[in-house]
Amino acid sequence: MLNILNISGGIIILFGIALVIIGVFLCRKRISYEDGFIPSEAEIITMDSKISIVIINLIPIIAKEYRPIIHFFTQEGKEIRTSMPYTIKMSDECREFFQMYESHTAITVRYNPEKPNEIYYHSKKNFRIREVVYKFFTAAVLVFLGSFMIWGSTLV
């Protein structure tokens with residue numbers, strides 16, 4: 001006999017399964033999209049800065065953030081000047097950018113051939129895989145909850 005717990009449990013289980021399927025699909029799509037980016041050697045021209053409030057360990061801190069402005073050439077020889085995202089001054093990535101800026105060391109970036117201003121510095125593949133793992137954990141909890149609801153409805 002169908003009751004509200006069976007229906008709700010089934011919906012929650014289906015939602016958990018859909019979450020996993022969508023997560024895997026989006027991860028594969030984003031990784032394949034980023035694989036189409038082309039590497040290029042860039043030079044950091046300058047470092048922009050701003051002061052902002054960041055939350056570290058649930059504590060708001062006033063911090064200085066830096067953003068490298070880079071210069072590179074595409075495969076076609078087109079000159080591109082663009083900026084990278086802001087990083088907190090105390091981060092390892094920011095220290096790395098400052099070392100490269102001061103020593104005029106080339107930095108390897110990957111750019112989108114269709115939109116050369118769209119770049120990234122380090123691979124985001126591990127971040128994408130981590131997103132899917134979080135979706136798997138969430139889906140497992142949802143499937144367990146839905147199963148528990150269905151099992152509980154049989155005891156009533």
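Counting from 1, the numbers follow the sequence of the chain as shown. Keep in mind that the numbers below use all heavy atoms, side chains included, and drop hydrogens, waters and symmetry copies.
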At their closest point, which heavy atom of Gly23 faces which heavy atom of Lys135, and how far apart are they? CA-CD, 3.4 Å
Test side chain to side chain contact (heavy atoms under 4.5 Å, CB included) applied to Ile119 and Phe72, step by step: CA-CA 11 Å; Ile119 61 167; Phe72 67 94; 4.0 Å; yes
Taking every heavy atom of Gly10 against every heavy atom of Ile150, the minimum-distance pair comes out as N-CD1, 3.8 Å
Could you check whether atom CZ of Arg95 has more than 12 heavy atoms from other residues, nucleotides or ligands sitting under 6.0 Å from it? yes
Identify the heavy atoms of Ile45 and His71 that sit nearest to each other, and give their distance. CD1-CB, 3.1 Å
Gap between atom CD of Glu102 and atom CD1 of Ile44 - 0.5 Å precision: 10.0 Å
Side chain to side chain, Ile13 and Ser147, heavy atoms closer than 4.5 Å: yes
Ile80 versus Pro116, closest heavy-atom pair with distance: CD1-CB, 3.6 Å
Please assess Ser49 against Glu65 for the test side-chain hydrogen bond (donor to acceptor under 3.5 Å, both in side chains), listing each intermediate value before the final yes or no. CA-CA 5 Å; Ser49 66; Glu65 294 183 307; over 6 Å; no
The reported gap from CZ in Phe144 to CE in Met149 (rounded to nearest 0.5 angstrom) is 12.5 Å
Can you hop from Met100 to Ile69 via hydrophobic side chains spaced under 4.5 Å? no
Over 60° means perpendicular and under 30° means parallel, so classify the ring planes of Tyr101 and Phe98, tilted if in between. perpendicular
Are Ile51 and Ile55 connected in a single hydrophobic cluster, I mean Ile/Leu/Val/Met/Phe/Trp/Tyr linked by side-chain heavy atoms less than 4.5 Å apart? no
When you compare the side chains of Glu93 and Thr87, does any donor N or O come within less than 3.5 Å of an acceptor on the partner? no
Determine the minimum heavy-atom distance between Ile107 and Tyr121, stating which atoms define it. CG1-CE1, 3.1 Å
Between Phe97 and Tyr66, does the ring centre distance come in under 6.0 Å? no
Exercise: identify the closest heavy-atom pair between Met84 and Ile70: SD-CG2, 3.9 Å
Heavy atoms from other residues, nucleotides or ligands near CZ of Phe37 exceed 12 (cutoff 6.0 Å): yes
